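One structure below.
Atoms within each ligand, like the ligands themselves, are counted from 1 in listed order. Worth saying up front: this structure is predicted, and the values here are computed from it rather than measured. The figures here come from the full heavy-atom set of this structure, side chains too, leaving out hydrogens, waters and symmetry mates. All residue numbers in this chain count up from 1 along the given sequence.
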Amino acid sequence: MQRLAPALREDNVPLDLISLIETILAATKEISFRVSQGHLSDSMGSTLDENIQGEVQKKLDVVANELFKDILLESGFVKAVSSEEEDTSVAGDEDGKYIVSFDPLDGSSNIDINSLIGTIFSIHQAPTDMAASNPDMFKQSGNHQVCAGYVLYGPSTTLVMTTGSGTHFYVLDRTHGGYLLVERNLQVPEETQEFAINMSNQRFWQPPMQNYISDLLAGDTGPRGKNFNMRWIAAMVGDIHRVLTRGGIFTYPADNRNPEKPYKLRLMYEANPMSFLIEQAGGLAMTSQGRIMDIEPTDIHQRVEVIMGSKNEVEACLGYYK
Ligand code: FBP
């Protein structure tokens, strides 16, 4: 099996971007080890602090965030970072060629129950006409990502990544400590009979999503004429990995639980990187209004509606919004 660097060179990835990717992955190996230690380490449970999202931070959230921030900012490749756990962007090297947005530990509610969690990252070119301390550098749409990926800390530690030449799947080989390429050019099946949504929010959804889901639940007795199965891992990395592996539709729709905050998932370090991976694997990644990666960001922590996965099923869902 091919090692990471030669696999990336085959996709003509610039050497400094390969070095930045290897820097990011070095931090994920450390996190993978800490996650595997579980309750043997003192990293389980919550801190007393809240992040800018108003969420109580898990100890491992903070550990992972510090690890990533330190290794990226001292790398020399990074002009600034933005993280789910940081109020605003953090300046790095004024001459750094890239900026990195990341969710150090996605699926935080799964940490203490030994369930699936992961790290999500998105890399853009750093504007040369802005100072490293200027958060406006991150106001670039998902179309301008040069790399996106996630690492899933599960029974095996897996990496799924794209640099714009397809979506590729790697596994961390603990014998030599490196990621090995196990499959190039993942393809999301166009058809599916599997959906992922947090059903407990059903009464808060907009009518189009209510109707779409009730027709799925009606199965072969309803207008869709076939039965659908439901899955919800409560960690986007886990649900999207299943979609990339065997198809499906994943959605976190708008809801009116809190009119101030109709959306849950964050554009810069959740929706955009996952959209790049899904589209590079032949799937669709949309809101009910258009492509996620066409959205011009206004804030590094902005939230968006997410409907992504198997092409024909996403189109079927969007049909309910017409
Ligand atoms: P964080 O854990 O990074 O805050 O991410 C949000 C998230 O956990 C997603 O990974 C997941 O898809 C969703 O929230 C789960 O939401 P819910 O708590 O409604 O099931």
Open item on the list: Test: salt bridge (Lys or Arg N to Asp or Glu O under 4.0 Å). Region: residues 33-43. Which pairs qualify, not counting sequence neighbours?
Closed with: E30-R34

Open item on the list: Please enumerate all residues that pass ring pair (Phe, Tyr, Trp, His ring centres under 6.0 Å) together with Y153, with sequence neighbours excluded.
Closed with: none

Task: Evaluation steps, side-chain contact (heavy atoms from CB on, under 4.5 Å), between L25 and Y170 - done: CA-CA 11 Å; L25 297 180; Y170 304 79; over 6 Å; no

TODO: Applying ring pair (Phe, Tyr, Trp, His ring centres under 6.0 Å), run through Y269 and F102 and close with a yes or a no.
DONE: CA-CA 5 Å; Y269 40 80; F102 62 91; 8.2 Å; no

Task: For K139, all residues meeting salt bridge (charged side-chain N to carboxylate O under 4.0 Å, His left out), sequence neighbours excluded - done: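 Once residues adjacent in sequence are excluded, the partners of K139 under the salt bridge (charged side-chain N to carboxylate O under 4.0 Å, His left out) criterion are D136.
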
Task: Steps toward side-chain hydrogen bond (donor to acceptor under 3.5 Å, both in side chains) verdict (S122, N272) - done: CA-CA 8 Å; S122 165; N272 267 341; 6.0 Å; no

For ligand 1, what N or O to protein N or O distances fall under 3.5 Å?
unit_1: ligand 1; atom_1: 2 (O); unit_2: G107; atom_2: N; d: 2.9
unit_1: ligand 1; atom_1: 2 (O); unit_2: S108; atom_2: N; d: 2.9
unit_1: ligand 1; atom_1: 2 (O); unit_2: S108; atom_2: OG; d: 3.4
unit_1: ligand 1; atom_1: 3 (O); unit_2: E84; atom_2: OE1; d: 2.9
unit_1: ligand 1; atom_1: 3 (O); unit_2: D103; atom_2: OD2; d: 2.9
unit_1: ligand 1; atom_1: 3 (O); unit_2: D106; atom_2: OD1; d: 3.4
unit_1: ligand 1; atom_1: 4 (O); unit_2: E84; atom_2: OE2; d: 3.1
unit_1: ligand 1; atom_1: 4 (O); unit_2: R266; atom_2: NH2; d: 3.1
unit_1: ligand 1; atom_1: 5 (O); unit_2: D106; atom_2: OD1; d: 3.1
unit_1: ligand 1; atom_1: 5 (O); unit_2: R266; atom_2: NH2; d: 3.4
unit_1: ligand 1; atom_1: 5 (O); unit_2: E270; atom_2: OE2; d: 3.1
unit_1: ligand 1; atom_1: 10 (O); unit_2: D106; atom_2: OD1; d: 2.7
unit_1: ligand 1; atom_1: 10 (O); unit_2: D106; atom_2: OD2; d: 3.0
unit_1: ligand 1; atom_1: 10 (O); unit_2: M236; atom_2: N; d: 2.7
unit_1: ligand 1; atom_1: 12 (O); unit_2: M236; atom_2: N; d: 3.3
unit_1: ligand 1; atom_1: 19 (O); unit_2: N198; atom_2: ND2; d: 3.0
unit_1: ligand 1; atom_1: 19 (O); unit_2: Y252; atom_2: OH; d: 2.6
unit_1: ligand 1; atom_1: 20 (O); unit_2: N198; atom_2: ND2; d: 3.2
unit_1: ligand 1; atom_1: 20 (O); unit_2: W232; atom_2: NE1; d: 2.9

